[in-house]
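Here the structure is laid out as structure tokens; the discussion comes afterwards.
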Amino acid sequence: MASFIIGNLILGAVPLLAFIGLFLLARSMWLAWRQFLFDSKLEWRVFEIRIPREVTQTARAMEQFLLAISTMGEQAGTFVGKWKEGSHSIPIVSFEMASLNGQVHFFMRCEKGRSELIRSAFLSYYPTVEVVEVDDYMKSMPPTLADLKAQGNRFFGTDIQLNRESAYPIKSYQEFLSPNEDDVFDPMSVFLEVFGKMRAEESLIVQINVSPIDGKAWVESGGEILKKLKEGEKKEGEDAPQFRFRTPGEELVLKAVEKNLSKPAFECVVRLAYFAPTAIFSDGFPRRGVLGAFNQYAANDMNSFRPNFDTFSYADLWHYPFIFPSMRAKLRSQQLWQHLISREMGTDVYGGKMTLTHPLRPMTIAPCVLNTESLATLFHPPTKVVVTAPFTARVESKKAGAPSGLPIFADEDVLKDYQA
């Protein structure tokens, strides 16, 4: 009798569970759709950062700029804003380095509504740098990977992510500084060395898409790590960790994590792409070169970068799902090319994730969180210690205002022609 009742209860619960599951799926799909419509209405502007012969500011100026824009993220705010309008956090800016036609360019892609504020903030910290609006260079690329290959090119790409939790910092620009200014090393020089080796027919692109995150959530995300570092790990069979003094190394890690969490942060998706005609395609140098450039930020007791193998454009039998490596590589490459053009950062909404994945292509975008200091280390205008010529597009003269009291040799009637 009891088993009969239990059986009926289970059968009766099946429709209810199915309804709940379908409702949650439908709700997630609705939210993903509204966010897609919200994103489709956004307009973007691309600025080229033209470097003068000398940039006297260090990466500290870039950090101050990032602090200034760290509160510009989009928030849903209300129920209507989230579920009807689809308002959500968006990548407000993308910092990009690209070797195109044999020259290295620096770009900044901004959401149009914030673009002038971002541009003005950047110029306030880099007054000698020119920030000029240009056409999006990605729009001149083939729209699909099939079109790229039809032009006789081959492609390699991957996203890059952190090895550990984001609470652990990477090596920052402050660790590259020296009391003697003649010994200052700028990590951007390693990237420029790699980019400068590209031939005119080759293209190499690094994108860093960023979106500010909530400060409270950022601090809370590292709460458990801080607690673990402060109290020590609990041994098996113990009710509480035994008191002990931290080693000097452990003390440094604790202070570094606390400092990392104390600064505003951005969710970041770092993406690498290389393509060239089949006859000269060789991904070994750019792939190892760029990944090697990211390795300079590694600290064994802190954090480092590595490829996100879920987005790697190559595949083999030794990685999940262990079948059809050629098909998986093709699907990954196709999706990665679209992500490169759209500067895709992924989504936390399950319904949205379903549209970005495939049984043979689990394109898991894994954003990392970098605070203003780490992000400024990763991207900033090369300083004066970096040799940017001859392969970097730059400004040959320094910007400056006209001196006061400059004489004007003209009659007033002539001046009227130039007045608005």
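Bear in mind the structure is a predicted one, so any value in this text is a computation, not a measurement. When reading the values below, keep in mind they use all heavy atoms of this one structure, side chains included, and skip hydrogens, waters and symmetry mates.
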Can you confirm whether or not the ring centre of F107 sits under 6.0 Å from the ring centre of Y137? yes
Just so I know, are the side chains of L67 and P264 near enough to count as touching, which here means a heavy-atom distance under 4.5 Å? yes
Quick one, I51 and P382 - any side-chain contact, counting heavy atoms below 4.5 Å? yes
Between S94 and R109, do the side chains contain an N or O donor and an N or O acceptor separated by less than 3.5 Å? no
What do you reckon, are the aromatic ring centroids of F281 and F155 less than 6.0 Å apart? no
Establish, from distance only, whether the side-chain atoms of S172 and Q174 form a donor-acceptor pair under 3.5 Å. no
Tell me if a side-chain donor or acceptor on N371 pairs with a main-chain N or O of S374 at a distance below 3.5 Å. yes
Within the structure provided, determine whether I365 and H339 are in side-chain contact (heavy-atom separation under 4.5 Å). yes
Expected output: side-chain E111 to main-chain G113 donor-acceptor under 3.5 Å: yes
Pairwise side-chain contact, E224 with L229, heavy-atom cut-off 4.5 Å (strictly under): no
Run the numbers on V129 and R50 for side-chain contact (heavy atoms from CB on, under 4.5 Å), then give the verdict. CA-CA 6 Å; V129 172; R50 295 178 180 171; 5.8 Å; no
Assess the side chains of T144 and D147: does a donor N or O sit below 3.5 Å from an acceptor N or O? yes
Are side-chain N/O atoms of Y173 and E373 paired as donor and acceptor at under 3.5 Å? no
Going through the checks in order, is the side-chain contact (heavy atoms from CB on, under 4.5 Å) test met by L162 and V369? CA-CA 9 Å; L162 290 172; V369 178; over 6 Å; no
Between E258 and K230, does a salt bridge (Lys or Arg N to Asp or Glu O under 4.0 Å) hold up when you go through it step by step? CA-CA 11 Å; E258 287 180 328; K230 290 178 179 178; 3.6 Å; yes
Evaluate side-chain contact (heavy atoms from CB on, under 4.5 Å) for V206 paired with V290, printing each intermediate quantity in order. CA-CA 9 Å; V206 172; V290 173; 4.0 Å; yes
Taking only residues two or more places apart in sequence, or in another chain, which ones meet F379 in a ring pair (Phe, Tyr, Trp, His ring centres under 6.0 Å)? F95
Mind running side-chain contact (heavy atoms from CB on, under 4.5 Å) on L204 and L272 for me, showing each step along the way? CA-CA 8 Å; L204 178 61; L272 160 65; 3.6 Å; yes
Please verify the inter-ring angle class for F122 with Y126; under 30° counts as parallel, over 60° as perpendicular, anything in between as tilted. parallel
Taking the side chain as C-beta and beyond, is there a heavy-atom pair between R343 and W44 under 4.5 Å? no
With sequence neighbours excluded, tell me which residues meet salt bridge (Lys or Arg N to Asp or Glu O under 4.0 Å) with E63. K263
